[in-house]
Amino acid sequence: LAGPAAAQSLVPIDGLLPLRVSRSTAEQRIEQWINSRRFAPNAFKKYREVGSFTSIYLPYFSYDAATTTRYTGLRGIHRTETYRTSDGKIATRIVTDWYPAAGVVNNSFEDVTGHASDGLDDDKITQLEPWPMEYTHQYSPQFVAGHLSRTYDSDAEQVFRDRVVPRMEDVIDSTIRADIGGNAQQITSRQISWLMVRFSQLVLPAWRLTVTYKAKPFQVVINGVTGEVQGQRPWSVVKITFAVVLGLLLAALIYWLYLQYGGQA
């Protein structure tokens, strides 16, 4: 392990998770996922004929970090207030009183992963997590033999800055809000000190389906350890239009039935 600034000198891979999801299981998961996309075009569902389905080891960086954050903010306390409405009735409403807050919080992070490949949907790839790091092995070429394997496009510093820091900051904000307490919180400033950042380079297994529909590629990816499925899909304008029209016709029928029989009870 070393600091992210040294990423470019670290060519060797530190570890990997072996592929545990078989091809047959992956195909079943893909089938279930695609069949559940009700508004996908029929042509997209013919992925067996038009798609490319393969196993692949994707490059990742995994990070450990420790932070201390000084913050200022506001603590909101709710109270019930009674008031008189414009027509003279008595009603209640919730009012929030705000009080200044400040403090220091500490966070530690372990095995926060960020993929290092271009051309992938960040949100979908992130949703493949969590990766079960307890199965990590020291890297050996025998694990990746017979599978596609990519080298990283973004180095450890780029991945940390662009993909990992925002996620860590969300956790830090949650810690600050818990420290502020009360019924509602506002964070007005925070200063994060990164006390320790270490990283390792990993390759993690996936099954990837790529289907080209109307000259645009759509990818479905399966976590090769847990079987989690995430992906992109096209939408069928015809199916959506049909569903909308059917909904309108049903609403019109219900309204007609109400006019015919609703007032005769």
Side-chain angles (χ1 to χ4, degrees), residues 1 4 7 10-37 47-48 51-65 108-156 158-160 162-168 170-171 198-211 217-233:
L1 296 179
L10 289 182
V11 177
I13 299 169
D14 297 298
L16 68 94
L17 288 176
L19 181 69
R20 295 170 65 91
V21 175
S22 68
R23 185 181 185 91
S24 60
T25 299
E27 288 175 343
Q28 292 174 9
R29 297 291 179 91
I30 285 283
E31 189 81 23
Q32 294 168 356
W33 188 89
I34 287 183
N35 287 337
S36 67
R37 310 302 105 174
Y47 72 95
R48 290 183 182 273
S52 170
F53 186 59
T54 186
S55 54
I56 184 171
Y57 275 87
L58 297 172
Y60 275 76
F61 291 104
S62 177
Y63 301 86
D64 298 337
S108 61
F109 301 90
E110 292 185 2
D111 296 328
V112 182
T113 55
H115 75 89
S117 299
D118 293 341
L120 298 177
D121 185 318
D122 284 353
D123 290 338
K124 298 301 182 184
I125 293 298
T126 299
Q127 289 172 33
L128 290 178
E129 298 181 8
W131 293 91
M133 292 303 179
E134 63 270 22
Y135 298 120
T136 302
H137 283 251
Q138 184 175 358
Y139 178 78
S140 173
Q142 70 186 40
F143 287 106
V144 300
H147 308 284
L148 294 180
S149 184
R150 292 185 58 172
T151 57
Y152 60 81
D153 299 307
S154 302
D155 64 27
Q158 291 172 305
V159 173
F160 183 69
D162 298 337
R163 294 180 178 141
V164 173
V165 166
R167 296 168 59 195
M168 290 183 175
D170 286 343
V171 174
R198 298 185 300 178
F199 83 95
S200 58
Q201 184 187 167
L202 305 174
V203 287
L204 305 181
W207 289 94
R208 183 179 66 184
L209 170 69
T210 302
V211 178
F218 293 87
Q219 291 185 349
V220 183
V221 185
I222 302 176
N223 184 313
V225 184
T226 66
E228 174 68 25
V229 184
Q230 294 292 333
Q232 307 160 328
R233 46 81 61 84

Item to check | Quiz item: cation-pi between Arg150 and Tyr57, 6.0 Å / 45° | outcome: no
Checklist entry - Between OG of Ser200 and CG of Asp111, what distance do you get to the nearest 0.5 Å? => result 7.0 Å
Next on the checklist: Please enumerate all residues that pass side chain to side chain donor-acceptor pair (under 3.5 Å) together with Glu129, with sequence neighbours excluded.
Outcome noted: Thr113, Arg167
Checklist entry - In terms of the angle between their ring planes, are Phe53 and Trp207 parallel, tilted or perpendicular, with boundaries placed at 30° and 60°? => result parallel
Checklist outcome for this item: Sorted by chain and number, sequence neighbours left out, side chain to side chain contact (heavy atoms under 4.5 Å, CB included) with Asp170 holds for none
Item to check | Trace of the side chain to side chain contact (heavy atoms under 4.5 Å, CB included) decision for Phe61 with Phe160 | outcome: CA-CA 8 Å; Phe61 291 104; Phe160 183 69; over 6 Å; no
Item to check | Interatomic spacing from CG in Leu202 to OG1 in Thr136 - rounded to 0.5 Å | outcome: 6.0 Å
Item to check | Candidate pair Gln201 and Asp14, rule side chain to side chain contact (heavy atoms under 4.5 Å, CB included), full reasoning | outcome: CA-CA 5 Å; Gln201 184 187 167; Asp14 297 298; 3.8 Å; yes
Next on the checklist: Using 0.5 Å steps for rounding, measure from the CD atom of Gln219 to the CZ atom of Arg208.
Outcome noted: 5.5 Å
Item to check | side chain to side chain donor-acceptor pair (under 3.5 Å) partners for Thr126, two or more places apart | outcome: none
Checklist outcome for this item: To the nearest 0.5 Å, atom CG of Asp118 lies from atom OG of Ser154 at 5.0 Å
Next on the checklist: Parallel, tilted or perpendicular, judged at 30° and 60°: which one describes the rings of Phe199 and Tyr63?
Outcome noted: tilted
Checklist outcome for this item: Between Ala26 and Val21, the two heavy atoms sitting closest are N-CG1, 3.9 Å
Item to check | Minimal non-hydrogen separation, Ala65 against Met168, with atom names | outcome: CB-CE, 4.0 Å
Checklist entry - Of all heavy-atom pairs between Leu128 and Asn223, which one has the smallest distance, and what is that distance? => result O-ND2, 3.0 Å
Next on the checklist: Rounded at 0.5 Å granularity, tell me how far CG in Leu204 sits from CG in Leu17.
Outcome noted: 5.0 Å
